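Read through the structure below, which is laid out as structure tokens, and then see the notes.
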Amino acid sequence: MSRPFDVVAVEEKWQATWLDEGTYDVDNDDPRERYYALTMYPYPSGFAHQGHVRNYTFGDVVVRYQTMLGKAVLSPYGFDSFGLPAENAAIKAGEHPRPFTEARMAELKTSVRRLGAVYDWRREVYSHDPEFIRWSQTIFLAFLKKGLAYRAEAQVNWCPGCMTVLANEQVLADGTCERSGDVVVRRFLEQWFFKITDYAEELLKSLDALEWPERVKLMQRNWIGRSEGVEFDLPFAYDETKSLRVFTTRPDTGFGVTYAVVAPEHPLLSILTTDDERARVDEIVLRASNTTEIERSTNSSEGIGLEKRGAFTGSFVINPFTKEQVPVYVADYVLGTYGTGAIMAVPGEDERDFEFAKAHGLKVVRTVQPPANVEGAYNGEGLHVNSGFLNGLDVVTAKTKATEFLVEHANGVAKVNYRLRDWLVSRQRFWGCPIPIVYCDDHHIVPVPEDQLPVLAPDDVVIDKTGQSPLATHEGFLNTTCPTCGKPARRETDTMDTFTDSSWYYLRFADPFTPGKAFDPVQAAKWMPVNQYIGGIEHAILHLLYARFYLKALDDIGLAPGLPREPFQRLFTQGMIRFHGSKMSKSKGNLVTPEAYYQTVGADGLRLYHLFAGPPGDNLDWTDQTDDVIDGCGRFIDRFYRLWHYRDVHFHDVADETDYSVRQATHRTIARVTNDLNRWSYNTAVAAIMELLNAASKVGRSKEGIEKATLDEALDVMATLLAPMTPHITAELWQERHPDRPGVHQLPWPVADPALVAEETVTMVVQVNGRVKARLSVAPSISESDASAAALADATVVAALKGTPPTRVVARPPRLVNIVT
RNA sequence: GCCCGGAUGGCGGAAUUGGCAGACGCGGAGGCCUCAAAAGCCUUUGCUCGAGAGGGUGUGUGGGUUCGAGUCCCACUCCGGGCACCA
């Protein structure tokens with residue numbers, strides 16, 4: 001592309017200006033109305049790719065637009081710089097992860113600056129900064145003190161090859177480790193947890209008030225998984241003083257309980273198991289303990305070996321509804337970690353119970369009358385049958401009655417259960433925030449005193465290819481003394497999940513200035529909550545849930561007084577970029593870097609493309625046509641540049657009707673673009689400005705020409721509207737024409753003149769039997785009868801009617817009249 | 001399997017409340033400028049019948065509600081995403 005101006009020079013000039021002058025630095029005591037715009041801080045993966053470009057373009061439009069609306073906009077930048085990829089890359093290169101990570105940070109920083117995205121760089125944070133680590137550890141210890149952090153034995157995915165715990169995502173579908181290929185086993189390990197389950201109800205309830213995409217809220221609701229039911233006792237048949245406690249959401253189906261099931265991990269299992277059955281039960285328990293949860297579920301979805309996944313224990317319990325004895329089974333389809341780890345099985349109304357009953361020849365009793373032709377389990381609405389005192393009742397009523405019955409006769413208690421589990425934060429990794437704990441033989445778990453924080457990982461670690469946690473083998477780090485008694489002690493060698501860093505970084509951004517504090521709540525409160533959070537949909541659950549939990553917990557332990565309990569008021573999730581159909585990512589080697597485009601269409605052209613290509617929330621396909629569209633965006637900027645310099649424009653002196661129509665278009669564009677920006681419809685905002693340029697250009701270049709003031713107004717408005725989107729060229733052109741005025745980005749956002757937005761005449765469509773026959777120009781205030789009369793008087797309409805009298809005339813003035821014959 | 005979202009020209013997409021389908025852009029066709037090209041500019045472009053005026057048809061498929069449906073309802077197909085034994 002040949003451009004009418006030097007793109008690179010213009011863009012570099014303004015990038016330097018914004019950076020040197022700190023144009024977008026904001027102080028905590030700024031008197032203007034506040035706006036906190038935050039783009040999720042990135043994992044530093046090197047130079048930016050199109051996903052970053054898209055992300056930071058959207059963020060930058062928000063920052064610049066809100067600034068022009070007169071607000072003090074907080075726009076910080078930082079790095080989620082701990083994490084597995086750096087550790088793995090460092091192992092591969094035989095390097096320490098820090099220089100590796102910092103080199104990638106420098107690269108990404110170069111990229112975002114070159115894009116023209118503006119930040120208050122004084123507030124930059126990164127997770128591996130010793131100061132950030134200090135406060136992450138302080139928060140951990142505060143959680144510990146208030147009982148929100150605890151240590152417990154947990155079943156984890158353990159890779160024997162890597163000698164470490166794996167996250168579920170790191171275990172492949174066939175149950176092997178994604179890195180070493182070893183078969184992953186389940187293992188009990190002492191691990192640190194955060195008590196996020198204490199907040200399940202609040203996390204669920206306060207979702208309602210958030211201006212987030214509904215699907216993200218829905219995903220979180222499902223993840224939390226609230227369910228209401230009853231917990232009650234099934235007495236042992238041989239000894240009614242003992243009982244098996246179960247949880248159900250369907251107490252109304254109690255008459256259909258034909259067996260009970262306990263999880264392989266259930267504490268009463270050995271008591272329930274008779275000698276005759278012990279061998280078969282042990283087999284189930286062994287199998288379950290060697291199988292990951294992923295495998296367990298894979299088996300079920302493929303329907304493999306249900307009869308092998310459970311066995312009779314030899315014992316019976318009494319169904320409190322029927323007083324009948326029912327057998328107790330052990331099966332791995334019941335989870336030890338949910339509810340009471342035991343269930344009442346109702347094969348008539350529960351599909352899993354039905355399948356299991358079929359495989360084991362157990363009795364099936366229907367308690368809710370299903371519609372005709374239902375074969376298997378039926379869990380829908382219906383009237384109760386075979387259910388004693390519940391017969392004839394609908395499900396809701398029967399639930400209430402059955403709950404009352406269980407409360408009275410079976411130690412029943414109404415109970416709410418959540419699918420959400422406590423957050424396991426221990427990672428057997430090196431490149432993360434060390435957990436600040438010391439283990440002493442006498443004093444057990446001892447927190448590292450605050451004046452000894454931060455606990456930093458030593459630099460001279462050997463990171464070799466075994467993948468063994470380097471901290472556990474580093475004698476100098478591992479061996480310490482007990483802060484309480486001074487005797488030799490061991491340090492905790494696990495690090496924290498990196499999601500802990502991203503759970504509070506937004507608070508540090510709000511106030512990284514107050515010495516001796518992670519953040520001063522009074523200062524942070526000036527910015528919080530984040531008004532607009534922008535990021536990828538892949539963080540819909542974990543990051544956004546953990547961050548919500550953190551802020552609530554910080555408030556409850558007294559570290560965040562006066563702050564809101566929700567961090568992110570408005571959330572926007574942008575779509576992914578796909579490259580010929582598959583996800584664009586570094587690991588797939590299909591990155592399209594922005595560098596080449598900076599030379600041709602510039603950052604402005606590339607930004608315009610990302611804004612124009614489609615709805616910001618939709619996925620974007622990078623195809624063979626993409627470069628053509630990007631060139632088109634560059635051409636648009638060039639056409640704007642030429643019109644700005646009156647290229648081929650003719651002027652006339654006295655404004656006429658055509659000029660008036662240009663003025664109308666100008667003000668209507670202000671209204672449209674403002675509305676579009678507020679509703680995240682950047683693609684239509686760009687289209688509206690293109691239309692205005694087309695219209696002004698057409699009139700200006702016509703033989704009759706244009707009045708200068710009219711064209712200048714249109715051009716100034718276009719520059720202002722484009723300023724958040726294509727900041728470089730608009731800043732340059734504005735400075736050129738208005739050297740004495742403030743820069744375009746310091747201007748107030750334009751306001752449309754209502755008189756020019758209002759329409760004097762509108763096109764009214766006349767239909768005959770729903771087909772358009774005529775278009776009439778009418779006043780917007782036209783009455784129903786006038787509209788009908790005008791329609792019926794139209795010659796084309798009369799011709800189309802061919803004398804047939806209308807049976808009905810539907811008038812919807814001023815847009816439409818439909819004549820029905 | 002369950003739960004969500006989506007399907008509009010050759011392509012990306014627009015149509016905010018049920019009221020002119022296809023804004024804007026890409027691509028295509030024709031033209032102007034030029035010795036020629038690039039760049040730029042102009043015209044045109046859903047499909048189809050017609051020389052034309054004009055007509056028919058058209059928003060994944062089938063049905064429905066309505067004077068009127070891309071938009072609402074029912075059933076289905078395909079695509080994308082989330083969860084995956086949570087009792």
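No experiment lies behind these values; they were computed from the predicted model shown. Each chain gets a letter, A, B and so on, in the order its sequence line appears, and its residues count up from 1. The figures that follow rest on heavy atoms only: side chains count, while hydrogens, waters and symmetry mates do not.
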Would you tell me whether [X] and [Y] have side-chain atoms, one donor and one acceptor, within less than 3.5 Å of each other?
X	Y	answer
A:T669	A:E691	no
A:T796	A:D794	yes
A:S227	A:Y338	yes
A:Q50	A:H610	yes
A:S788	A:S785	no
A:R421	A:T337	yes
A:N694	A:R639	yes

Ring-plane angle category for A:Y682 and A:F58, please: parallel below 30°, perpendicular beyond 60°, tilted otherwise.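 Correct class here is tilted.
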
Determine the interplanar angle of the A:Y641 and A:F5 rings, folded into 0 to 90°, and report it as parallel if under 30°, tilted if 30 to 60°, perpendicular if over 60°.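 A:Y641 vs A:F5 ring planes: parallel.
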
Atom-pair distance ([atom1] on [X]; [atom2] on [N]), nearest Å:
X	N	atom1	atom2	value
A:K703	B:C42	NZ	P	15 Å
A:K773	B:G55	NZ	C1'	9 Å
A:E214	B:G6	CD	P	13 Å
A:H610	B:G12	NE2	C1'	14 Å
A:N769	B:C20	CG	C1'	17 Å
A:L643	B:G40	CG	P	15 Å
A:R815	B:A21	CZ	P	14 Å
A:R812	B:C67	CZ	P	11 Å

Taking N and O atoms by type only, does the side chain of A:R808 place a donor or acceptor under 3.5 Å from a partner on the base of B:C67?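 When only heavy-atom distances are counted, A:R808 does not reach the base of B:C67 through any donor-acceptor pair under 3.5 Å.
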
Please state the C1' separation for the pair B:G60 and B:G80 - nearest whole angstrom.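 These two C1' atoms come out 15 Å apart once rounded.
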
In whole Å, measure the gap between the C1' atoms of B:G50 and B:A14 for me.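 Rounded to whole Å, the distance is 31 Å.
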
Looking across every strand, which nucleic acid part, if any, lies under 4.0 Å from [X] by heavy atom: base, sugar-phosphate, or nothing?
X	result
A:K415	nothing
A:Q767	base
A:V765	base
A:N694	sugar-phosphate
A:N683	sugar-phosphate
A:R639	sugar-phosphate
A:R771	sugar-phosphate
A:T626	nothing

Nearest of [options] to any side-chain atom of [X]?
X	options	value
A:E691	B:A23, B:C20, B:C3	B:A23
A:N818	B:G19, B:G27, B:A87	B:G19
A:V810	B:C20, B:G19, B:G27	B:G19
A:R642	B:A87, B:G40, B:A21	B:G40
A:F612	B:G25, B:A87, B:G19	B:G25

Pick the closest RNA chain B nucleotide for A:R701 and for A:V629 by heavy atoms, then say which residue is nearer the 5' end.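 Here A:V629 is the residue nearer the 5' end.
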
Toward the 5' end of RNA chain B, by each residue's nearest nucleotide, A:M690 or A:T249: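 Looking at the nearest nucleotide for each, A:M690 comes out on the 5' side.
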
Watson-Crick/G-U partner (both atom distances under 3.5 Å) of [N]:
N	value
B:U34	none
B:A69	none
B:U59	none
B:A23	none
B:U77	B:A7
B:G18	none
B:C83	B:G1
B:A51	none

Base-contact (B) and sugar-phosphate-only (S) positions in nucleotides 72-83 of chain B, heavy-atom cut-off under 4.0 Å, - elsewhere: --------SSSS

Tell me which one of A:V768, A:V820, A:N769, A:L792 satisfies side chain to side chain contact (heavy atoms under 4.5 Å, CB included) with A:P806.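 When A:V768, A:V820, A:N769, A:L792 are each tested with A:P806, the side chain to side chain contact (heavy atoms under 4.5 Å, CB included) holds only for A:L792.
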
When you check the phosphate oxygens OP1 and OP2 of [N], does a side-chain N or O of [X] lie under 4.0 Å from one of them?
X	N	value
A:K217	B:G5	no
A:R635	B:C26	yes
A:S227	B:A87	yes

Syn or anti for B:G22 (syn when the glycosidic angle lies within 90° of 0):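 Anti conformation here, the glycosidic angle of B:G22 being more than 90° from 0.
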
Nearest atoms (heavy-atom pairs only) where A:L424 meets A:A154: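 A:L424 and A:A154 have their closest heavy atoms at CD1-CB, 4.5 Å.
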
